[in-house]
Amino acid sequence: MSEAASSSFTRLDPRIQRWIWRQQWDQLRDVQEQAIPVVLAGERDVLIGAATASGKTEAAFFPALTGLLQARDSGHAPAPLLLYVAPLKALINDQVGRLELLTEGTELALTPWHGDVSTSRKTRFGKKPGGVLLITPESLEAMFVRRGTEIARLFGGLRQIIIDEWHAFIGTERGIQLQSQMNRLEVVLQRRIPRVGLSATLGDMSLAANELRPGEGDTVIPIVSTHGEQALHVQLRGYERLPPKTAPKEAETLSRQGKDVPIEDVTHGDELDIRDHLFKHLRGKSNLIFANRKRDVELYAELLRRKSQDQRLPEEFFVHHGSLSRDLRHHVEQSLKAGKPLSVVCTSTLEMGVDIGSVASIAQIGPPHQVASLRQRLGRSGRRGDPAVLRLYVTESSLSPHTPFLDRLRPGVFQAAAMVELLVEGWCEPPPSGYLHLSTLIQQVMSLIAQYGGASANDLWRALIKSGPFRQVSQAQFTALLRAMGAAELLVQSNDGLLLHGWVGERLVNHYDFYAAFSAPEEYTLYHGAKVIGKLPIDSPIETGGLLVFAGRRWLIQDIDADRKAISLMPSAGGILPLFGGNAGLIRREIRERMRRLYIEGEVPRFLNRGAARLFAQGGTFFREAQLETTSIVQEADQTLLLPWQSDQVLNTLALLLRRLGLAAEREGVAVTVQKSDIDMVRQGLEHAVAHPPTSAVELAAVAENKINEKYDQYLPEELLCSEFASRFLDLEGALETAGALLACR
DNA sequence: GACCTGCTGCGGCGTG
């Protein structure tokens, strides 16, 4: 360590300094230099923004552990405690391993606490709290519920909270749950506990800071890595849909006759072309191939694997997604980490989390859904000074006189191109904010009552809303929520006004399902003999004797056991790709605006290959033919389309405004379509909407169907469900403005 | 037109 290194270094505990020496680091990273003094001071909240593997975890732990060791050595009572919260169990396990080395010889207790940790280890912490506690939000929730009266004792010595991968929490159910838990700790301890958020440099730091300390984001100290941006090599490849060799109906007839139909024969020609390109360019190196859907992950893994087999090459294409068993995923992660040349077809499971080292390139099949996730994926490539390499593969439908209007615009190519441009310019989606999170509020009300053995409405209001993170919820909404919880027998009121669990609430809180704030579908476990392969959602249409492609292998479904929720598989020659359900995300205004600009300027971005450039030209020509530069309302046969190039929230709202007037309006891709209508009808509808707008987005939400999305939404009365829906999916102001603009142009 | 994440307490049984 050089002299200049550093006043920061000299302030660390000597035991930590020795560890740094042993690593033979010649200097601290810049985020570490910046973070050490402020985290060590232990007074303010800190948000550290830096890419994966930039040393931000150490930036938090070096000073936090220094403070912890000093407090312990000075005999501080109660025993000082550092809390680390992470979104993944795997991250906690990794972290414990690293901390064990870092704290060697200090006799500092490290306690991982999640579902896979033994009860004995948890009991040990209960008997002697202190040291470092590493936990998930769900396990922390369980502590509040099961050990409510012990919270003050267990966390009495708490000095700081470090939150890993903070960006992954923001805007989600788990994010607001964690905010609420941190606040509840402060309520019990009656003091402010400094928070240290670790985050990828995504979006706007000030928004992320305001989520770290809700309402007081400006008091959070931001620390951003000054590390230079890496070079980026990107290519967008375009394909046109080509039919499979054997049509689906024909294939079904053949297989019913007992004939074996190879998967290549029922796969679209463009998908085989993409496979060939991947095979040719990725073999021999390590790569990540992201596909948007698990079905496609299985498809491409299978196609690539079979091609390797045909050419008698060693197996080097693998699968990784969230439905695979932990063992299978772990094996792939370890092989990647060991530096073996292998390509993994995967979903967002390999976007963050455990360290897998660096790969040669990233492939993305299908247009990405978010610039933020595209950037996160790119961060996995080209770490050691090499440029990051990104290949995007986008298929558009084939052109014929019957090709639908929206497909002729080639929206996939334009969306992908817009996202790459925004990525290069350094833009990405800010974290979502403004949601009510009423489902998670129901969970937190139930949990607080469990913690204290009952609570008054006023106690709940103060702990969750007035001083807590649910500040978007009004008093009237909160009262309505409690009343609805009473009606659903989640709550009952005792004679002295104390709120307790009703019989439904009791049953809910006493099941381990309660601790997670997010909902997950019920799944069947897949077995090959005694070995667990993975899990399938039970809504998949499967039956005994059926075929399945899963985990990059082909299987025959031998047995389905509904009681054990188990499916037995045996290897087979054929296989069918399973479909997994899911909800799509929301596209932001900035992306749609950039798409429009690309259409208007018509200049082919340099990163497009020939195929993509051709599709780009087709889309641009069609855009001009349809005069979309000057008008955004067009008619095709008996449907009318609105193309305002706005956010999905604006499109949702426009569709509802028209539906309210009895028009068959729907959001469809980049447009709002209105069936059985003409331009005049739609213009009249928009005029009426502008002249007589609904009083609020909440009122408009009543028109929407299927508003239940989150875990406890089913307990919300219609009015609150509408409020929640409006806060997430609608933008009335934006929609009325857009309607005005649509009417202004002819 | 999608992906991902998480989980207690207790009874029963084997082992030292």
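Chain A is the first sequence line, chain B the second, and so forth, proteins listed ahead of strands; every chain is numbered from 1. Side chains included, hydrogens not; waters and symmetry mates left out as well; all remaining heavy atoms used.
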When the distance from [atom1] of [X] to [atom2] of [N] is rounded to whole Å, what number comes out?
X	N	atom1	atom2	result
Ile365(A)	dA2(B)	CD1	P	15 Å
Glu666(A)	dG1(B)	CD	P	13 Å
Gln376(A)	dC4(B)	CD	C1'	12 Å
Arg295(A)	dG1(B)	CZ	P	11 Å
Asn510(A)	dT8(B)	CG	C1'	10 Å
Asn652(A)	dG1(B)	CG	P	16 Å
Glu165(A)	dC4(B)	CD	P	16 Å
His320(A)	dC3(B)	NE2	C1'	13 Å

* Establish, yes or no, whether the cationic atom of Arg184(A) lies under 6.0 Å from the six-membered ring centre of Phe144(A) and within 45° of the ring axis. =>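 Geometry flag: set, cation within 6.0 Å and 45°.
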Under 3.5 Å, N/O pairs linking protein and nucleotides 10-13 of chain B:
none

Regarding [X], tell me which of base, sugar-phosphate or nothing describes its non-hydrogen contacts under 4.0 Å with the strands shown.
X	value
Asp648(A)	base
Gly669(A)	base
Arg667(A)	base

* Asked: Quick check: are there more than 12 heavy atoms from other residues, nucleotides or ligands sitting under 6.0 Å from CZ of Arg326(A)?
  ->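 Not buried by this count: 12 neighbours or fewer within 6.0 Å.
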* Can you tell me if CD on Glu666(A) sees more than 12 non-hydrogen neighbours from other groups inside 6.0 Å? -> no
* Salt bridge Arg588(A)-Asp648(A), side-chain N to carboxylate O under 4.0 Å -> no
Between [X] and [Y], does any side-chain donor sit less than 3.5 Å from a side-chain acceptor?
X	Y	value
Arg592(A)	Gln415(A)	no
Asn510(A)	Glu506(A)	yes
Gln364(A)	Asn292(A)	yes
Gln376(A)	Glu351(A)	no

* Asked: Yes or no on ring pair (Phe, Tyr, Trp, His ring centres under 6.0 Å) for Phe317(A) and Tyr300(A), after CA distance, side-chain angles and deciding distance?
  -> CA-CA 9 Å; Phe317(A) 292 97; Tyr300(A) 283 98; over 10 Å; no
Give every pair of a protein N or O atom and an N or O atom of nucleotides 5-7 of chain B that lie under 3.5 Å apart, one pair per line with the distance.
| from | atom 1 | to | atom 2 | distance (Å) |
| --- | --- | --- | --- | --- |
| dT5(B) | OP1 | Arg329(A) | NH2 | 2.3 |
| dT5(B) | O3' | Pro87(A) | O | 3.3 |
| dT5(B) | O2 | Arg174(A) | NH1 | 3.4 |
| dG6(B) | OP1 | Lys89(A) | N | 2.6 |
| dG6(B) | O3' | Thr136(A) | OG1 | 3.4 |
| dC7(B) | OP1 | Gly115(A) | N | 2.9 |
| dC7(B) | OP1 | Thr136(A) | OG1 | 2.9 |
| dC7(B) | OP1 | Ser139(A) | OG | 2.9 |
| dC7(B) | OP2 | Lys89(A) | NZ | 3.4 |
| dC7(B) | OP2 | Gly115(A) | N | 3.3 |
| dC7(B) | O2 | Tyr512(A) | O | 2.3 |
| dC7(B) | O2 | Asp513(A) | N | 3.4 |

* Asked: Of Arg146(A) and Glu668(A), whose closest DNA chain B nucleotide lies nearer the 5' terminus?
  -> Glu668(A)
* **Candidates dC4(B), dG9(B), dA2(B) - which lies nearest the side chain of His369(A)** =>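 The nucleotide sitting nearest to the side chain is dA2(B).
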